[in-house]
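Notes to accompany the following structure.
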Amino acid sequence: MTSCPGSFRFVKETTPDAIRECAIAHLRFTLARFPKSATPRDWWLATSLMARDFLVERLLATQEAHRASGVRRVYYLSLEYFLGRLLRQNLLNLGLWDLTSEALRPVGVDLEEICQEEAEMGLGNGGLGRLAACFLESLATLGLPAIGYGIHYEFGLFQQDFQRGYQIERPDDWHRFGTPWEILHPELSQTVHLYGRTEHREGGCYWTDYRDILGLPFDIPIVGYGGKTVNFLRLWSAKSTKEFDLEAFNRGGYFEAVEEKSFAESITKVLYPNDKTENGKALRLVQQYFFVACSLRDILRRFEAEHRDGTLLPDKVVIHLNDTHPALAIVELMRILIDEKRMAWEKAWDWVTRIFAYTNHTLLPEALETWPVPLFHRVLPRHLEILYEINRRLLDTVSETGEAADARRRAISLFEESHPKAVRMAHLAVVGSFSVNGVSALHSELLRSRLFPEFAALFPGKFRNVTNGITPRVWLLGANPGLASLLTETLGEGWITDLSRLEGLRTFLDDASFRERYAAIKRANKLRLADRLRDWCGLDADPNALFDVQVKRIHEYKRQHLNLLHILWLYRRILENPREEFPPRLFLFAGKAAPGYDLAKCIIKAIHAVADRINGDPLAFGRLQVAFVPNYGVWRASLIIPAADLSEQISTAGKEASGTGNMKLALNGAVTIGTLDGANVEIREAVGPENIFIFGLTAEEVADRVQKGYNPWEIYEADPEIRAILDWIGSGDLTPGEPASVLAPLRSSLLEGGDPFLVLADFAAYLAAQRQAERAYRDKSRWLSMAVQNTASVGRFSSDRAIREYAEGIWRIAPAAG
Ligand code: 26Q
């Protein structure tokens, strides 16, 4: 690291003394604190500011190099980034972790401990947001020119508490005391329009009577491993253009004057939870447009500053849409090119469809975004006109006449013929992009065959697969330092940036000393987690138990309730046959339920009820434990995942687009029990069928079963074990002191509700797979081999591999100097 001359506040060299001096300078001059009275939080902040000096220095160098060479860049547009805590990861990537740790020791500060002071940046719901964070990290590590755009939510995903086993949501006030990681750039503010009406005159179109909103950008530096490239994530915060409507105020309209400000600031107030009940909400549309409009203006401003020749736009700019959430960008760029740049429709559309690429993250029909046309018309009148024109031209491509042609037009239309009519954002994203990809081989195949068959026929070259990945710097180097050290000692440090090198571990499969160390690391990770579990849920975890882990958002399709039925099956086995021997197990759950998703919340309550019963039953002591870790996020994930033995990936086949938790767990040596869904299919190929427990219906069989009329009652009637378990859940026995009906919705969703996710259909196969896992775990040496095989085989699930595929196959961008 080079020096930063000119001010004593900046680190001059990367020695512990210089680092400590810099942190102390920040303590003094930025925070106005004496070292002797500094709190752990002060030290965290001062250390972060020290790290930030390094980041900023490299940020300026990288950005200047990219600007000067006029590189082609990718702009990643996502409504979500689940970054977690940044101090630890930034220091690791800068190569300063050990030095900083050493630097702070003489002043009595423990670096690991002060890292706990940081609030997580939880600006995401789950997989999609965390994927965006892993992708930004890989882009920087690979030295690729990329800028992320997102929203500076005042409140991230809600904080989760439990009261008597019920989920309680609290606001996530992550920004209350500010954050050292963001750099405000008021000079780069943008103004965007909303509402109003259109006027067509003099051959042009004018959007008038709109309201103005100001977008203020906050930049978060994103450092790649090795500290060379520092890209950034630009997050927009909405503000009123006028602090105060003076005219309204002078008329005596104090509240009207304040209303404007309060409306503007509501736009980026809160991250929407991934929730059916939130679908179609007006403020979410405003949020999406605000975000897209600010980002596009910023992209065009930068392009115009870097290039004199305006026709280079499609050569220098590629914009990636992380799901349909930012797909309004397609219409907004059309509007800018046509109305503001006065370009002809055909040319504008040619440019747009050379600039955008789209990733789909879901096949679930209820998760596909649509907007009611009346709402769309009110918020974005001009954009609706443009949508109609895109659609007219799209439908014209179906040249035939007759009923079949009408059906095809209805199938591809950007408008759903519902009441009221609705805009289909996925269709817009498909027609407006040159590339459409799914996130696992199976998912991409189903996109072509089930979700977009007409488009796949119309644009056969557009559809591709890029299987998701995870960054090894966070999910191995950061989360599992013990295993990371063993890998480095065994293979050298090359694995950190080339995860396929883990294959080299195969040579050590029979090496006694390696095996011993691998096993000892897993045990240490279990002890580390057991320590935390006392705090998080008051559980005294048995470190000798098999740690059986299901950590992810709570959703019916992910089938946490299938896991729960198995737990009750095991518990019944203990009650009926208290002497039977089997390996002790700890079942761990974590994950948030969307606030309006009643059945998901009922599943949480059911898991708590079962946990209370089992953990308090002396008969289960030493054999079964159940815990639900509250408030799952990146940090808790990084403590749970390295301690896991068994990874539950049990979604209904055909429903989970990819999953990324499955990759994190396998990398850390957990064996998967799972369905042939999402990336599990590819994980099986990688680790081999003998190192994974696959069970249940395939996606095709699921579709078949449903099409032939699946009836869960038949299973209930035929299987006394299932009947006993479901009736137990419905009986009220598990929730003493509460109404008997508390868990009834769970039972009835599986029977009267028709069991839409085929939990009962897969139960027998799941039990059989669990028995296999149990047998394998009894043989400690066999299990250890399976765990090592998993770590050795999943290198291809690095986000570096995924990003290379995007960069070469879709974005056509290359590493740049700087
Ligand atoms: C939509 C409308 C209104 C409000 C919220 C939303 C919304 C928000 C977030 C809809 C969906 C999401 C997030 C989806 C998500 O996380 N999908 C997951 O993406 C991962 C990365 O590709 C996959 O691995 C998972 O399989 C997929 O479920």
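Counting convention: from 1, in listed order, for ligands and their atoms alike.
- The shortest contact between atom 25 (C) of ligand 1 and any protein heavy atom is with Glu656 OE1, 3.4 Å.
- Of the protein's heavy atoms, Arg284 NH2, 3.8 Å lies nearest to atom 1 (C) of ligand 1.
- Asn468 counts as a contact of ligand 1, since one of its heavy atoms falls under 4.0 Å from the ligand.
- Within the 4.0 Å heavy-atom cutoff, Tyr557 counts among the residues contacting ligand 1.
- Across Leu131, Thr660, Leu157, Asn274, heavy-atom proximity to atom 13 (C) of ligand 1 is greatest for Asn274.
- One finds a salt bridge joining Lys601 and Glu169 here, because a Lys/Arg side-chain nitrogen approaches an Asp/Glu carboxylate oxygen to under 4.0 Å.
- Residues Met425 and Leu328 form a side-chain contact, since some pair of their non-hydrogen atoms from C-beta on lies under 4.5 Å apart.
- Contact analysis puts Pro273 in contact with ligand 1, with a non-hydrogen atom separation below 4.0 angstrom.
- If you look at His325 next to ligand 1, the close heavy atoms, those under 4.0 Å, all belong to the side chain.
- Ring-plane geometry between Trp236 and Tyr149 is classed as parallel, the angle between the planes falling under 30 degrees on a 0 to 90 degree scale with a further cut at 60.
- The protein heavy-atom contact nearest to atom 24 (O) of ligand 1 is Gly659 N, 2.8 Å.
- Evaluation of the salt bridge (Lys or Arg N to Asp or Glu O under 4.0 Å) rule for Arg211 yields Glu259, Glu260 as partners, not counting sequence neighbours.
- Pairs passing the salt bridge (Lys or Arg N to Asp or Glu O under 4.0 Å) check and including a residue from residues 359-368, sequence neighbours excluded, do not occur.
- By heavy-atom distance, the residue among Lys558, His555, Glu366, His361 lying nearest atom 27 (C) of ligand 1 is His361.
- The shortest side-chain heavy-atom distance between Ser435 and Arg464 falls under the 4.5 Å cut-off.
- Taking a 4.0 Å cut-off on heavy atoms, Arg553 fails to register as neighbouring ligand 1.
- Ring geometry for Phe589 against Phe628 counts as parallel: the plane angle stays under 30°, on a 0 to 90° scale with 60° as the upper cut.
- If you check which protein heavy atom lies closest to atom 9 (C) of ligand 1, you get Glu80 OE2, 3.1 Å.
- Between Tyr806 and Trp811, the ring planes are parallel. Angles under 30° get that label, and only those over 60° would be called perpendicular.
- Ligand 1 places these atoms under 4.0 Å from at least one heavy atom of Ala657: 26 (O).
- Under the 30°/60° scheme for interplanar angles, the aromatic rings of Phe459 and Phe455 are found to lie parallel.
- Put simply, no part of Ala367 is less than 4.0 Å from ligand 1, judged by heavy atoms.
- Ligand-side atoms of ligand 1 in range of Asn125: 8 (C), 9 (C), range being under 4.0 angstrom from any heavy atom.
- Taking atom 16 (O) of ligand 1 as the reference point, the nearest protein heavy-atom neighbour is Leu128 N, 2.9 Å.
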Give the C-alpha distance, both sets of side-chain angles, the deciding distance and a yes or no for salt bridge (Lys or Arg N to Asp or Glu O under 4.0 Å) between Asp762 and Arg705. CA-CA 11 Å; Asp762 270 344; Arg705 246 339 239 280; over 6 Å; no
